[in-house]
Trainee: 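Here it is: the structure, laid out below.
One-based numbering along the sequence shown.
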Amino acid sequence: MSGVAAIDGGSLVDQAIRAVRGYIRDRDLTVGDTLPGEGAFAAELGVSRAVMREAFGALAALRQIDVGNGRKARVAAIDGSVMASSIDHAVATAQIATSDVWDVRRTLELRTAALAAEKRSDADARAIIDHAAAMQAQASDLDALIRHDIAFHQTIARASGNPLFTQIVRSFEPLMRTAVPAAWDTRRTDDQRSAILQLHRDIAQSVADRDAAAAQDAMDRHFDASISDLFSL
């Protein structure tokens with residue numbers, strides 16, 4: 001192994017982390033490509049194996065590399081769980097409010113709905129419609145309803161064709177698991193619950209019809225209703 005750039009500044013672990021990132025970037029490595037071992041990096045950078053072990057551990061925690069099971073470290077795929085953890089921490093420590101997250105969600109998901117209508121595959125359209133139908137069919141089973149609601153929004157994001165939208169929408173999942181049942185509990189009557197389920201079907205049908213304006217409008221109405229439910233608590 002040769003050509004790992006030495007990087008000054010910060011702790012030895014910080015320098016090692018930046019060196020591994022630089023190695024990946026400079027060699028145009030992609031998801032699944034293998035990296036040299038901790039020992040090779042340690043020798044090249046003139047640091048201990050313990051420093052490299054800590055650097056690899058930090059990069060693995062950030063889902064930038066995959067390590068473990070005795071195999072070589074590999075370049076990892078983007079993972080929205082890292083953003084999810086950061087958002088959850090920020091809400092829990094009152095750095096941001098739940099309403100801030102929902103404002104960002106609304107902005108993003110109006111766009112993903114419109115893009116999904118333009119770019120979705122037939123399989124995407126079927127999956128979105130199926131999740132909306134499952135929410136209707138399992139409305140009395142809160143766990144199942146939440147599961148399909150989360151999958152509904154994530155499938156729309158994936159159908160948008162932008163992988164960053166997919167990961168950002170995924171990052172909202174922990175908060176949805178708390179907020180969705182709280183909002184659902186405010187819908188006391190069958191009519192109130194039917195109305196929100198109908199909005200999901202409207203979104204799904206608009207995406208299937210490739211009607212971007214209608215999909216965006218239906219998603220906007222969905223967030224109007226959801227925000228009203230959440231913040232009237």
Side-chain angles (χ1 to χ4, degrees), residues 21 24-25 29-32 61-66 75-91 95-135 145-180 183 196-197 199-227 230:
R21 286 173 171 162
I24 294 169
R25 181 182 59 251
L29 300 186
T30 58
V31 174
L62 292 169
R63 305 292 197 273
Q64 294 181 11
I65 64 173
D66 287 326
V75 178
I78 186 172
D79 188 337
S81 67
V82 177
M83 287 182 279
S85 178
S86 182
I87 291 170
D88 192 46
H89 171 72
V91 171
Q95 297 179 68
I96 59 175
T98 303
S99 58
D100 297 327
V101 180
W102 248 246
D103 190 28
V104 172
R105 267 199 69 196
R106 181 181 199 144
T107 301
L108 287 172
E109 295 207 46
L110 264 62
R111 179 61 175 158
T112 61
L115 285 174
E118 295 172 359
K119 299 185 177 184
R120 58 83 175 163
S121 67
D122 289 345
D124 291 329
R126 285 193 301 272
I128 294 164
I129 287 173
D130 286 348
H131 285 304
M135 288 178 66
L145 183 142
I146 293 167
R147 184 172 64 252
H148 285 292
D149 195 5
I150 289 169
F152 175 86
H153 289 277
Q154 291 182 1
T155 305
I156 289 171
R158 186 169 63 249
S160 77
N162 185 328
L164 187 54
F165 277 143
T166 304
Q167 297 304 325
I168 295 173
V169 171
R170 276 192 63 204
S171 76
F172 300 136
E173 181 172 336
L175 197 59
M176 286 184 71
R177 292 193 180 278
T178 302
V180 170
I196 200 70
L197 294 169
L199 283 171
H200 284 81
R201 294 198 299 275
D202 289 346
I203 295 166
Q205 191 59 56
S206 297
V207 170
D209 291 343
R210 298 191 184 277
D211 189 335
Q216 183 168 303
D217 177 68
M219 185 68 80
D220 197 27
R221 288 185 283 116
H222 167 41
F223 272 92
D224 273 343
S226 297
I227 288 170
L230 275 172

Trainee: Go through Ile150 and Arg177 one step at a time and tell me if the side chain to side chain contact (heavy atoms under 4.5 Å, CB included) criterion holds.
Mentor: CA-CA 8 Å; Ile150 289 169; Arg177 292 193 180 278; 3.7 Å; yes
Trainee: Counting only N and O atoms by type, is there a donor-acceptor contact under 3.5 Å from the side chain of Ser86 to the main-chain atoms of Met83?
Mentor: no
Trainee: Considering all heavy atoms of both residues, which atom of Ser206 and which atom of Ala214 are nearest to each other, and what is their separation?
Mentor: OG-CB, 3.5 Å
Trainee: Indicate the atoms forming the closest heavy-atom contact of Ile128 with Ala159, along with that distance.
Mentor: CD1-CB, 4.4 Å
Trainee: So does Phe172 get a backbone contact from the side chain of Arg105, meaning a donor-acceptor N/O pair under 3.5 Å?
Mentor: no
Trainee: Answer with yes or no after comparing the ring centroid distance for His153 and His222 against a 6.0 Å cut-off, counting only values under it.
Mentor: yes
Trainee: Which heavy atom of Thr112 sits nearest to which heavy atom of Ser160, and what is that distance?
Mentor: O-CB, 4.0 Å
Trainee: How long is the straight-line distance from CG of Asp202 back to CG of Asp217, given to the nearest 0.5 Å?
Mentor: 9.0 Å
Trainee: Give me the atom names and distance for the closest heavy-atom approach of Ala204 to Phe152.
Mentor: CB-CE1, 4.1 Å
Trainee: Assess the side chains of Asp79 and Ser81: does a donor N or O sit below 3.5 Å from an acceptor N or O?
Mentor: yes
Trainee: I'd like to know if the side chain of Asp209 and the backbone of Asp211 have a donor-acceptor N/O pair within less than 3.5 Å.
Mentor: no
Trainee: Quick one: closest heavy-atom pair of Val207 and Arg120, and the distance?
Mentor: O-NE, 3.3 Å
Trainee: Could you tell me whether a side-chain N or O of Arg210 sits under 3.5 Å from a main-chain N or O of Ala208, the two making a donor and an acceptor?
Mentor: no
Trainee: When rounded to the nearest 0.5 angstrom, what distance separates CD1 in Ile87 from OG1 in Thr98?
Mentor: 11.5 Å
Trainee: Take Met135 and Ile196 through the test side chain to side chain contact (heavy atoms under 4.5 Å, CB included) and record every step on the way to the result.
Mentor: CA-CA 10 Å; Met135 288 178 66; Ile196 200 70; over 6 Å; no
Trainee: Going by side chain to side chain contact (heavy atoms under 4.5 Å, CB included), His131 matches just one of Asp149, Thr155, Ile156. Which one?
Mentor: Thr155
Trainee: State, yes or no, whether a side-chain contact exists between Ile78 and Leu164 at a heavy-atom distance under 4.5 Å.
Mentor: yes
Trainee: Can you list the steps and then say if His200 with Ile129 is a side chain to side chain contact (heavy atoms under 4.5 Å, CB included)?
Mentor: CA-CA 9 Å; His200 284 81; Ile129 287 173; over 6 Å; no
Trainee: Is there a side-chain contact between Ile146 and Met176 (heavy atoms, below 4.5 Å)?
Mentor: no
Trainee: Within this structure, what is the CG-CZ distance for the pair Leu29 and Arg21, rounded to the nearest 0.5 Å?
Mentor: 14.5 Å
Trainee: Quick one: pull up CE in Met219 and CG in Leu108 and give me the separation to the nearest 0.5 Å.
Mentor: 10.5 Å
Trainee: Roughly how far, to the nearest 0.5 Å, is CD of Glu109 from CD of Gln154?
Mentor: 9.5 Å
Trainee: For the pair Gln167 (side chain) and Gly80 (backbone), establish whether a donor and an acceptor sit closer than 3.5 Å, ignoring hydrogens and angles.
Mentor: yes
Trainee: For Ala114 and Gln216, work out which heavy atoms get closest and say how close.
Mentor: CB-OE1, 3.6 Å
Trainee: Take Ile65 and Val75, measure what side chain to side chain contact (heavy atoms under 4.5 Å, CB included) needs, and give me the verdict at the end.
Mentor: CA-CA 5 Å; Ile65 64 173; Val75 178; 5.7 Å; no
Trainee: Hey, is Asp220 close enough to Arg106 for a salt bridge, meaning N to O under 4.0 Å?
Mentor: yes
